[in-house]
2 protein chains.
Amino acid sequence: MELNDKQIQILETAEKLFSENGFDGASVRQIAKAAEVNIAMISYYFGSKEKLLESLFLYRMSDFKMQLESVISKNTSYIETLDAIIALIVKRVHRNRRTHKIINFEYSNSCRQIDFESYLEQKKENLKVIETFVKNGQKEGVFIKNVNINLLTPTILGTYFHFYYNKKYYKTLLNLEDDNSIEQYVHNELTHHIQNTVKALLTYDK
Amino acid sequence: MELNDKQIQILETAEKLFSENGFDGASVRQIAKAAEVNIAMISYYFGSKEKLLESLFLYRMSDFKMQLESVISKNTSYIETLDAIIALIVKRVHRNRRTHKIINFEYSNSCRQIDFESYLEQKKENLKVIETFVKNGQKEGVFIKNVNINLLTPTILGTYFHFYYNKKYYKTLLNLEDDNSIEQYVHNELTHHIQNTVKALLTYDK
DNA sequence: AATTAATTTAAACAAACGTTTAATTTAAAC
DNA sequence: GTTTAAATTAAACGTTTGTTTAAATTAATT
């Protein structure tokens, strides 16, 4: 699917408003006005409000596998590669946080008829890469064996999203005044914390 | 604020529908019908839809501090107490997961005028208890010093909520057919994983 | 039993919702 | 330059939204 400039403009405006106000909270009129297009253009290009959301998923959730494989192929030590994988995941999820928020919310319930295939596909690839990586590390004796690999992703992404969902709270707690210092904190302290967490979990022998 | 049976009935129905369909996705008519009361009763008892939500927060977010202090006062070893604290937090957050979902979503943005004080109060108490507990453990030499205490809660709650938000996905991944086996998994594997994670993080010397 | 207060109801309110229409403007192809 | 296709528009479609009203019913008080 090739998108022209106006379609992209609509998608990115919709992403912002869906994530801020929810799928039901953001109206088609509101999106059209913010994107500076006529209301009818949304039906014209995407068909419906729901299909607009699906187009957003496709727009945001592609090309993840390639990035991951590029990091793995660097062939440094297991610990260094682990750090790099987590830094990549946090960076990507932070960039796409708005779409992830919509998905987190809509996927966890929704009597709606929305196609989440592109998201689930990425989740499976994510898990597969981490699984084979950890199992190789376990064979080499770098990582311990007593760990639930399926729950590593919840720990990595969950930590990030709890921080993001409570940004206002952590802003005052950590004295992060402007948006720039939040960016800094995410890419330094928060990323390091998640790296430490996973490294600890994979090397700690209770 | 004392609530009668009908008010509680409305609150718990609203909790279910808000968490399933979002604050905007769940209509007052839908809530009234599901709670088997007349539409006007909601305005009559709570004033407005937004105030209904605030009443729900108060209804769900009380008496947390007491439970935590009770666990701490047991006075077992640091590791055992840590396990107990995390088991309590997971249990509580799992019981109130629907309200937490609404909060996660609405608090992270909302141009709306909603009062989150009862939630923030609990968050601060949560942090304070964990902070003094960990610092005591550090003084005793049980826990390492190189850890970001502010980010422990994101790791604990975030792991749980990422699992919850992707329940459908983990249901198929982990072969958890019925709701009962999910309950089991949360209180066993998931809780253990979070306990291991925090213990590892607090004792792992990189 | 009479009176006051609290509860419950159906109906109505204006406003906003997602989508469609049919007419008009712009761009592309010949 | 004419014709065909694509893009854009304002207006209207029928529903649904949260809230209010004023009347009717039930419960509590005197």
Exercise. Heavy atoms under 4.0 Å, any strand shown: does B:Ala26 hit a base, just sugar-phosphate, or nothing?
Worked result: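 B:Ala26: backbone/sugar contact only, no base atoms under 4.0 Å.
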For this session: Report which part of the nucleic acid B:Ser27 touches: base, sugar-phosphate, or nothing (heavy-atom distance under 4.0 Å, all strands).
Result: sugar-phosphate
For this session: Identify, between A:Tyr44 and A:Ile39, the residue whose nearest nucleotide on DNA chain D lies closer to the 5' end.
Result: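 Final value for this comparison: A:Tyr44.
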For this session: By nearest nucleotide on DNA chain D, pick out whichever of A:Asn38 and A:Arg29 is the more 5' one.
Result: A:Asn38
Starting from [atom2] on [N], measure out to [atom1] on [X] and report it in whole angstrom.
{"X": "A:Lys33", "N": "D:dT8", "atom1": "NZ", "atom2": "P", "value": "19 Å"}
{"X": "B:Ile31", "N": "D:dT19", "atom1": "CD1", "atom2": "P", "value": "10 Å"}
{"X": "B:Lys51", "N": "D:dT19", "atom1": "NZ", "atom2": "P", "value": "10 Å"}
{"X": "A:Gln7", "N": "D:dT8", "atom1": "CD", "atom2": "C1'", "value": "14 Å"}
{"X": "A:Lys6", "N": "D:dA7", "atom1": "NZ", "atom2": "P", "value": "10 Å"}
{"X": "B:Glu50", "N": "D:dT17", "atom1": "CD", "atom2": "P", "value": "17 Å"}
{"X": "B:Phe46", "N": "D:dG18", "atom1": "CZ", "atom2": "P", "value": "15 Å"}

Problem set entry | First-last contacting nucleotides on DNA chain C - partner chain A, under 4.0 angstrom, heavy atom |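 Taking any atom under 4.0 Å from a heavy atom of chain A, the span is C:dC17 to C:dT21.
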For this session: Assess A:Lys101 against B:Phe105: is NZ or CZ under 6.0 Å from the centre of the six-membered ring, and within 45 degrees of the ring's axis?
Result: yes
Exercise. Think B:Lys6 forms a cation-pi with B:Tyr45, using NZ or CZ under 6.0 Å from the six-ring centre and within 45 degrees of its axis?
Worked result: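 Geometry flag: not set, cation outside 6.0 Å or 45°.
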Problem set entry | Set of residues satisfying side chain to side chain donor-acceptor pair (under 3.5 Å) with respect to B:Arg112, sequence neighbours excluded |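 In terms of side chain to side chain donor-acceptor pair (under 3.5 Å), with neighbours along the sequence ignored, B:Arg112 is linked to B:Asp24, B:Glu106.
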Problem set entry | Between A:Tyr165 and B:Tyr107, ring centroids under 6.0 Å | no
With a cut-off of 3.5 Å and sequence neighbours excluded, list every side-chain donor-acceptor pair involving residues 115-128 of chain A.
unit_1   : atom_1 : unit_2   : atom_2 : d
A:Asp115 : OD1    : A:Glu117 : N      : 3.3
A:Tyr119 : OH     : B:Asn166 : OD1    : 2.5
A:Lys123 : NZ     : B:His162 : NE2    : 2.9

Exercise. Between B:Phe46 and B:Leu11, is any pair of side-chain heavy atoms under 4.5 Å apart?
Worked result: yes
For this session: Using the six-membered ring wherever Trp is involved, compare the ring planes of B:Phe161 and B:Tyr164 and label them parallel, tilted or perpendicular (cut-offs 30° and 60°).
Result: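 Geometry flag for B:Tyr164 against B:Phe161: perpendicular rings.
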Exercise. Is there a Watson-Crick or G-U wobble partner for C:dT26 with both distances under 3.5 Å, and which nucleotide is it?
Worked result: D:dA5
